[in-house]
**Student:** 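Here you go, one structure.
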Amino acid sequence: MSAPATAVGLFDPTRNTLSLDAAWVAEGRTWLAGERFPGEAADDPLHAGHAPTADGRYALAAHDVAASALVLARDPAGSVSLFWQRGRDGCIRFATDLDALLRSLPDTPAISRQGLDEFLRFLDIAPPNTIYDRVHALEAGQALRLTAAGEQPLPAPPPAAVSGGYPEACDRVEAALKAAIARRLVDARSPAAFLSGGIDSALLCALAVGAGFPVTAWSAGFDDPVLDESATAARIAAHLGCRHEVVRPDTAALAAAFERVHARAEQPFCDPAGMPTRLLYEACAAQSDRALDGTGAEALPGLMPARWRRIAHDHAARLPRALRRALAGGLRPLPGVGGYARLFEFDVVQDLYIRWQGFRSDDIARLTGRRPDLSGTRFYREHAALAGASHLKRLSVLQGEAQPDDRIRQAARATGLRVDHPFGAPQVSGLLRALPEDWAWQPGREKRLLRDLLARQVPEALWDAPKRGFNIDLPTLLRRQDAALVRSALDATGALDAAGLDRAEVVRWRDRFLAGDDRATHRVWALTALSAWLGRHHSAASARAADTAPRLQ
């Protein structure tokens, strides 16, 4: 299955000229790379003055000739990526694929200090940052106006409004979801849906089957019952009467996938579920031309932090950092109460909302030889803007929009499988974000509205079980075969030298993990993935520089 065509362009604000390749299609004053879904009106951000609202899979470029300005935009669901760089010559180069953008640049960008800091802290890099210096990514649904003087985001579209009572809201969301699914599957030859066993994916699968689409459900299974949800997915698929395929990778299969998942990724990322996701997508792509995915939907109506996080945010965060560390250190080894150490085991309050706990600021300083700068990350900007917000709103934004899950995009890009996100349709996401909080969550009944919608399709007894989350046994993977993955990446740390990381500090973390300290797992995993990625991409960057040098001379 071939990947969609990559679109590349160049805007020279000094000459006020825009050059685009053949992948862009003209629509009045705008050019579109990708597609709008049937029935969706064309967007003109120059006229509307805000980010696009049409449902589809696209990037937009618009040339405001009178103002010598360029507007770049992504569809509301973020189905198509868009990267850009302002060169030293003043020209703005952009592309829907990061590697394609790098090939279009006159010189090879260095590793970004800020991007590296973000990766080490969050184990991921979220737009607007990338791993490359002065290379940026547009956020999903964003429109950005660029001129010779700088860049400015356009406002978001007006928010949706929910009228009527709770039953009417349920009906509206269900109708919007059904329409979004139909737009995405209308011409699919062999549609699929990823079915984790959770509420979001089960609801998509049920509505697609109910609309008459011959959907095959795909699930990942694991031998460890703590991680495995395939039995719940099987019960749902059996009730719906749809074909169900389960990919069940063992640790050896995950290790074998590491190179193609992490070393060959567009930029480094550390979601441990990236490997089973890639194996699942590869199997699905061999049989299906399109798949529905519900990842990230839980953040739209709202996520409530665990009770201990709420207590830590409201109360423990007021204590001095040194006192919190002392309390955590004193509680951790005590039988029966060691679990309470997490109430105090954080440096700054933002740490409570980070999905994967990477290196702390002091650790990053020792690795890089400088204090990290995280001020330019979307996570820190959003946290500051959420002062006074509810717990539900804060976690939804910080673990949804501010920490997007890159494994889905990376797996789809690598396999060529078209993966669609009906929850990302503006007609759906707008409604879910506008729900009153007690419609989105109640004590003991998270995802209230989505749960009630699924119960209309599938008896609750078949799926009402604690959600485990899509994950793997990472310590076991990293310790497999005498920690072969870790040793191959970190015994000879030459690749990490390219990122300016201190070799002795890398070895210290490696040895701490090899000695049995599971608390070092995600940090060592980050270094392992980064080393593999640099080992492949730093060589590729050197080759690009060598190819470019004669032309530059």
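The figures that follow rest on heavy atoms only: side chains count, while hydrogens, waters and symmetry mates do not. Keep in mind it's a predicted model, so treat the numbers as computed, not measured.
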**Student:** May I ask you to say whether Asp124 pairs ionically with Arg407, meaning some side-chain N is under 4.0 Å from a carboxylate O?
**Tutor:**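 No, Asp124 and Arg407 are not salt-bridged.
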**Student:** Does the distance from a Lys or Arg side-chain N to an Asp or Glu carboxylate O, for Asp97 and Arg413, drop under 4.0 Å?
**Tutor:**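 So Asp97 pairs with Arg413 through a salt bridge.
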**Student:** Does Arg57 make a cation-pi contact with Phe37 (under 6.0 Å, within 45 degrees of the axis)?
**Tutor:**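 No, Arg57 does not sit over the ring of Phe37.
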**Student:** One thing to verify: whether Asp482 and Arg487 come together as a salt bridge, which I'm taking to mean a side-chain N less than 4.0 angstrom from a carboxylate O.
**Tutor:**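 Yes, this pair counts.
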**Student:** Is Arg409 paired with Asp293 through a side-chain N to carboxylate O contact shorter than 4.0 Å?
**Tutor:**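 Between Arg409 and Asp293 there is no salt bridge, as every charged N stays at least 4.0 Å from the carboxylate O atoms.
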**Student:** Can you tell whether the side chains of Arg325 and Glu345 come within less than 4.0 Å, N to carboxylate O?
**Tutor:**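 Salt bridge between Arg325 and Glu345, a charged N being under 4.0 Å from a carboxylate O: no.
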**Student:** Are any of the side-chain heavy atoms of Trp356 and Phe122 separated by less than 4.5 Å?
**Tutor:**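 No, side chains not in contact.
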**Student:** Looking at Glu505 and Arg503, does any basic side-chain N land under 4.0 Å from a carboxylate oxygen?
**Tutor:**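 Answer for the salt bridge query: no.
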**Student:** Would Ser230 and Arg248 count as having a side-chain donor-acceptor pair, cut-off 3.5 Å?
**Tutor:**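 Yes, Arg248 and Ser230 have a side-chain donor paired with an acceptor closer than 3.5 Å.
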**Student:** With a 6.0 Å cut-off on ring centres, are Phe359 and Trp509 close enough?
**Tutor:**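 Ring centroids of Phe359 and Trp509 are less than 6.0 Å from each other.
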**Student:** Can the ring centres of His262 and Phe269 be said to be less than 6.0 Å apart?
**Tutor:**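 When the ring centroids of His262 and Phe269 are compared, they turn out to be within the sub-6.0 Å range.
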**Student:** Strictly below 4.0 Å, N to O, side chains only: are Asp187 and Arg290 in salt-bridge contact?
**Tutor:**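 Yes, this pair counts.
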**Student:** Just to verify, what does Arg519 make a side-chain hydrogen bond (donor to acceptor under 3.5 Å, both in side chains) with, not counting sequence neighbours?
**Tutor:**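 Once residues adjacent in sequence are excluded, Arg519 has no partner under the side-chain hydrogen bond (donor to acceptor under 3.5 Å, both in side chains) criterion.
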**Student:** Report the distance from atom CD of Gln114 to atom CG of Leu374, rounding to the nearest 0.5 Å.
**Tutor:**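 Rounded to the nearest 0.5 Å, the CD-CG separation comes out at 8.0 Å.
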**Student:** Any chance CZ of Arg366 has more than 12 other-residue heavy atoms, nucleotides or ligands included, within less than 6.0 Å?
**Tutor:**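 More than 12 heavy atoms, drawn from other residues, nucleotides or ligands, come within 6.0 Å of this atom.
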**Student:** Should the pair Arg360 and Phe346 be classed as cation-pi, given the thresholds of under 6.0 Å to the six-membered ring centre and 45° from the axis?
**Tutor:**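 Pair Arg360/Phe346 does not count as cation-pi.
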**Student:** For residues Phe94 and Trp24, establish whether the separation of their ring centroids is below 6.0 Å.
**Tutor:**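 When the ring centroids of Phe94 and Trp24 are compared, they turn out to be within the sub-6.0 Å range.
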